[in-house]
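As the structure is a prediction and not an experimental result, all values here were calculated from the model.
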Amino acid sequence: MANFYTDHPEIKFELNHPLMKRIVELKEHDYRDKDAYDYAPQNLEDALDNYDRVLDLTGDICANIIAPNAEDVDAEGPHCANGRVEYASKTKENLDATVKAGLNGVTMPRRFGGLNFPVTPYTAINEMIAAADAGFENIWSLQDCIETLYEFGNEDQRSRFVPRICAGETMSMDLTEPDAGSDLQSVMLKATYDEKEHCWRLNGCKRFITNGDSDIHLVLARSEEGTRDGRGLSMFIYDKRDGGVNVRRIENKLGIHGSPTCELVYKNAKAELCGDRKLGLIKYVMALMNGARLGIAAQSVGISQAAYNEGLAYAKDRRQFGQNIINFPAVYDMLALMKAKLDAGRALLYMTSRYVDIYKALEDIQREGALDKDQRNELKKYSKLADAFTPLAKGMNSEYCNQNSYDAIQIHGGSGFMLEYACQRLYRDARITSIYEGTTQLQTVAAIRYVTNGFYGQVIDEMLQNEVSEGLKPLQAKVANMAERYKACVGKIVAAGNQELHDFAARHLYEMAADIIMCLLILDNATKCAELFEKSARVYVRFAASEVEKHASFVEDIEVADLDNYRK
């Protein structure tokens, strides 16, 4: 029987990384739950076995329930009637299966009914569900919003809301508005304090809200009258049980049809403040978005895996000119590059998730008491790494996901244009990944300071010190040359001291840094497990070298005067 976990040993490989020992130690607080909860691990091996078992169960559900339902969900989609959303019938089956399997509140503490898993195995679950149906993954993965409520809400709010998510209720983050998309400082949904009822009231509209009729919402609203920037925004918790929010309509989208994207109308809706006033955008949404961006990176890897699976299966089966098309160089070249991008992007995704795990676990410990000096240094180190790697993981994997789903259709030829083949759905689902939760252009903006301040260069230099197997050393040397070219390009742009040139070259420098880092990650993986990764490492390094050459040539040639040719 198919299983999305055991069929793809590359996922389990990522859960055996050396950093997992430290992650489990921190997350389990030296296994203090072992006597209070019968499902709490006794030690590292027990914890890893727990993750393995849950991922195996998830892989089974994905392969045998969610994936077979995907085409029906795509065709039916959700419905809107009387201000409420009704999920597609097969979406309800998916939700029932995941709730019964206990796949809710995955990262939440056991005292609230959660599994207390780190982000890394949660990311693996996310990836597999996305590979089965990216639209359903949007609904399921929004449980991750509870991380923000847990982190910034008070203990009373945690005790009331976290158990509900662990029991299977759904969440949404209500951020964007008709006039506030990427520019969230323009949010104008009004929050006023009701002195009589001792609560906040929300009035206005939100647009493009994924899973907008969820049970519990995190809402960005303007609490400070007379303000028009981010300093006047606060975060609120809205409970659907209290009423006051209706769905005006469900957007008619290109893809991810199973996920209802809603326009919401708030009419004096009762809400409560989450955290402190005026920090809604400055602090809380930034934390919320970083988690969401890691989630979209996982979704992108899942779609990439599904696209590769579809392309490979078709190429093995389809015969032309007396042989299977997988034997044609034009086809196996595409498949090899799809797999290389998938493996390199996945390596970046899981390294990022491990960095996030360590800093989040240390922050959780800090909430209970002061950290010692070593822990404070560790928190600072991994917080910076997570912040630097997240925009790379989201941006690059979403672009690779689009490229892989495009190539899957190309491998299918004319059949790929027909609705009866899954690759067309994957192509439609993939397109949004490089747009929502921050476009690739915004990921570049988030990452560029780590380019120009030399941080990525330092990371690359450290990674180049890692030992690789003898047969991979020529590839490592090639990557070292790529790194020198990259640093020279960075130096040129920094020395120019021109902001417009800096912004214009940013995407090229961003992709060069990401390409080189992914090369080094996949070389490390290939050294540890040649059977799984050596072929992809060889393909990816050659591909990345050509990409770095392309970007470097552009940056080396561009001058401020040339920008006139691009302005319209």
Would you call [X] and [Y] a salt bridge, taking side-chain N to carboxylate O under 4.0 Å as the test?
{"X": "Lys381", "Y": "Glu378", "result": "no"}
{"X": "Asp343", "Y": "Lys535", "result": "no"}
{"X": "Arg277", "Y": "Glu224", "result": "yes"}
{"X": "Asp364", "Y": "Lys360", "result": "no"}
{"X": "Lys550", "Y": "Glu511", "result": "no"}

Query raised in the report: Do Leu218 and Phe236 come close enough that some side-chain heavy atom pair is under 4.5 Å?
Result: no

Rounded at 0.5 Å granularity, tell me how far [atom1] in [X] sits from [atom2] in [Y].
{"X": "Ile216", "Y": "Leu142", "atom1": "CD1", "atom2": "CG", "result": "12.5 Å"}
{"X": "Thr210", "Y": "Glu437", "atom1": "OG1", "atom2": "CD", "result": "6.5 Å"}
{"X": "Leu273", "Y": "Met235", "atom1": "CG", "atom2": "CE", "result": "10.0 Å"}
{"X": "Leu475", "Y": "Glu534", "atom1": "CG", "atom2": "CD", "result": "8.5 Å"}

Just checking, is any N or O donor in the side chain of [X] or [Y] under 3.5 Å from an acceptor N or O on the other one?
{"X": "Thr120", "Y": "Asp357", "result": "yes"}
{"X": "Glu14", "Y": "Asn525", "result": "yes"}
{"X": "Asn309", "Y": "Gln305", "result": "yes"}
{"X": "Ser186", "Y": "Asp183", "result": "yes"}

Report task. Could you walk me through whether Glu177 and Arg207 pass the salt bridge (charged side-chain N to carboxylate O under 4.0 Å, His left out) test, one step at a time? Result -> CA-CA 5 Å; Glu177 297 178 6; Arg207 192 181 182 200; over 6 Å; no

**Report entry** Test ring pair (Phe, Tyr, Trp, His ring centres under 6.0 Å) applied to Tyr382 and Tyr359, step by step
**Finding:** CA-CA 5 Å; Tyr382 284 101; Tyr359 99 79; 9.2 Å; no

**Report entry** Residue Tyr406 excluded, over 12 heavy atoms near OH under 6.0 Å
**Finding:** no

Query raised in the report: For the residue pair Tyr566 and Phe554, does the interplanar ring angle fall in the parallel (under 30°), tilted (30 to 60°) or perpendicular (over 60°) class?
Result: perpendicular

Requested in this report: Start with the C-alpha distance between Phe13 and Phe533, add both sets of side-chain angles, then the distance that settles ring pair (Phe, Tyr, Trp, His ring centres under 6.0 Å), and finish with yes or no.
Outcome: CA-CA 10 Å; Phe13 171 87; Phe533 300 109; 4.8 Å; yes

Requested in this report: Report the C-alpha distance between Arg567 and Glu500 in whole Å, list the side-chain angles of each, state the deciding distance to 0.1 Å, and finish with yes or no for salt bridge (charged side-chain N to carboxylate O under 4.0 Å, His left out).
Outcome: CA-CA 11 Å; Arg567 296 190 192 96; Glu500 188 176 7; 2.8 Å; yes

Which heavy atom of [X] sits nearest a heavy atom of [Y], and at what distance?
{"X": "Lys339", "Y": "Leu532", "answer": "NZ-O, 4.3 Å"}
{"X": "Met463", "Y": "Ile517", "answer": "CE-O, 3.7 Å"}
{"X": "Ile11", "Y": "Glu127", "answer": "CD1-OE2, 3.7 Å"}

Query - Under 3.5 Å donor-acceptor, Lys206 side chain and Leu175 backbone - result: yes

**Report entry** From CA spacing to verdict: side-chain contact (heavy atoms from CB on, under 4.5 Å), Thr433, Asn402
**Finding:** CA-CA 8 Å; Thr433 61; Asn402 274 274; 3.4 Å; yes

Requested in this report: Starting from the C-alpha separation in whole Å, work towards a yes-or-no answer on salt bridge (charged side-chain N to carboxylate O under 4.0 Å, His left out) for Arg507 and Glu399.
Outcome: CA-CA 13 Å; Arg507 177 72 179 269; Glu399 294 293 334; 3.7 Å; yes

Report task. Given side chain to side chain donor-acceptor pair (under 3.5 Å), test Gln403 with Asp407 step by step and report yes or no. Result -> CA-CA 6 Å; Gln403 294 162 19; Asp407 284 345; over 6 Å; no

